[in-house]
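Read the numbers this way: they start at 1 and go in the same order the structure lists the ligands and their atoms. Nothing here was measured: the structure is a model prediction, and the numbers come from that model. The residues of the chain are indexed from 1 along the displayed sequence. Any value given below was found using the heavy atoms of this structure, including those in side chains, with hydrogens, waters and symmetry copies removed.
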Amino acid sequence: MWIVNQTDLVAKVLEGDRRAVARACTLVEMGQKLDGLVGSGALVVGVTGPPGAGKSTFTDQLVAVIRGAGLKVAVVAVDPSSMKTGGALLGDRIRMQRHHQDAGVFIRSMATRGAMGGLAPTTLGLVRVFDAAGFDVVIVETVGVGQDEIDVARLAHVVAVLLVPGQGDEIQAIKAGIMEIADLFVINKSDMAGAEKLYREIEAEVHGEKPILKTVATTGAGMAEVWAGLQALPRRVAVAAPARFAIDHLGIAVGSIDEALRFYQGALGMGEAHRETVAGEKVHVAMLQAGESRLELLEPVDETSTIAKFLEKRGPGIHHVAMRVPDLAVAVERMKREGARVLNEPKIGAGGHKYVFVHPASTGGVLIELIEEHS
Ligand SMILES: Nc1nc2c(ncn2[C@@H]2O[C@H](COP(=O)(O)OP(=O)(O)OP(=O)(O)O)[C@@H](O)[C@H]2O)c(=O)[nH]1
Ligand SMILES: [Mg+2]
């Protein structure tokens, strides 16, 4: 591996240097975090749909339309390696080869590494590189199976879902969740029989609330309308920041809440504490607002409380750190995939919030509580 100075590399990426962009992509794919990338406001377009729907052909045509408008465009083509041979990647490269001489186009094919990776972190890293390098549009192509299509909705501003006529199970797929992630439906291969039928089926689901466009990606028919449609859509907000991981609260085990409050409220002058007893956990709780997060003082109800055991073993102090995530089920699935010790299935806590705990052995020594945002 070459030695690179990250600061220099990032500076070159920000200038739009192609070699630097390629190196940055490689580093991101190896799991490295790059500091100092500043976004330039790229429109991130997700393209997803079932295998063979024509996504790569469609993306290639979309690139041509976007280039025709004088904009620079990057493509991240994601292939789940568990389902594909290397030939598919090669196929994508050949399919999009006509753009390879074009300095305004950058294409990166990436195999997801199954259990080790998952789509989101690396793809988001690549998107950030292209955004920083000044590409006006970044297209992320993923096969619409399982988690990846949901992840793409998290990192794209707008998502086009491609469906093809005559496959019979499209509407099933829509009902299984594609519906929410699609901002725009594309009936590709509309040169084939059944396009009208599929149109009516989708329309019956979306009731005019989402655009449905027809394309023939092999000829480029309908592609200009797709580009116009994508630009007209409102951008999703929670984009490019899949999770902020804000600290919701710090849990502090204390022998006596009253005594601790003499410091936090008396000596320090913090505001009112919200007090309650959580019978299930055998713990008295006092919550103190601390800016946008809180301090949670925990006092055991009796010696069988887990807090009592903690005090006995470790003494008073930080018991856990609680962070917010947008979607707990997604977070749990991902942590398990990565081998983290998640201690419980998501459950509803006292304040009505959904949470899990993660074992300190996986987190650098502190018990981590994850709480679903807005739950
Ligand atoms: N008749 C017709 N064929 C098309 C159309 N669009 C794509 N195809 C063909 O469909 C096949 C699959 O196209 P791809 O672009 O590789 O599809 P994909 O969705 O990227 O496939 P995967 O990445 O393997 O999931 C190719 O043989 C294309 O030429 C279309 O609009 N009409
Ligand atoms: Mg493809």
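For ligand 1, one of its N or O atoms has an N or O atom of Gly54 under 3.5 Å away. Residue Gly52 has at least one nitrogen or oxygen atom sitting less than 3.5 Å from a nitrogen or oxygen atom of ligand 1, judged on distance alone. Any N or O atom pair closer than 3.5 Å counts here, and Lys189 shares at least one such pair with ligand 1. Not one N or O of Met192 is nearer than 3.5 Å to an N or O of ligand 1, by distance alone. The distance criterion of under 3.5 Å between nitrogen or oxygen atoms is met by Ala217 with respect to ligand 1.
Distances below 4.0 Å separate heavy atoms of Ala53 from the following atoms of ligand 1: 19 (O). Under a 4.0 Å criterion applied to the non-hydrogen atoms of Glu141, ligand 1 contributes the atoms 20 (O), 23 (O).
A salt bridge links Asp248 with Arg294: the closest approach of a Lys/Arg side-chain nitrogen to an acidic carboxylate oxygen falls below 4.0 angstrom. Contact check on Lys336 versus Glu345 returns a salt bridge, with a Lys/Arg side-chain nitrogen under 4.0 Å from an Asp/Glu carboxylate oxygen.
Atom NZ of residue Lys72 and atom CD1 of residue Ile66 lie 13.5 Å apart, to the nearest 0.5 angstrom.
For NZ of Lys12, the number of neighbouring non-hydrogen atoms (other residues, nucleotides, ligands) closer than 6.0 Å is 12 at most.
With a 4.0 Å heavy-atom cut-off, ligand 1 is reached by the side chain of Asp191 but not by its N, CA, C or O.
When OG of Ser56 and OE2 of Glu141 are joined through the Mg ion (ligand 2), the resulting angle is 70° to the nearest 10°.
The residue among Thr57, Val164, Val47, Thr218 with a heavy atom at the shortest distance from atom 14 (P) of ligand 1 is Thr57. The residue among Gly49, Ala195, Ser56 with a heavy atom at the shortest distance from atom 20 (O) of ligand 1 is Ser56.
Cation-pi geometry between Lys210 and Phe185 is not met: the NZ or CZ atom fails to fall both under 6.0 Å from the ring centre and inside 45° of the normal.
Between Phe310 and His319, the ring-plane angle classifies as perpendicular under the 30° and 60° cut-offs.
Criterion: ILVMFWY side-chain heavy atoms under 4.5 Å apart, direct or through other members. Under it, Met192 and Phe58 are not part of a common hydrophobic cluster.
Taking each heavy atom of Gln61 and Thr218 in turn, the nearest pair found is NE2-O, 3.8 Å.
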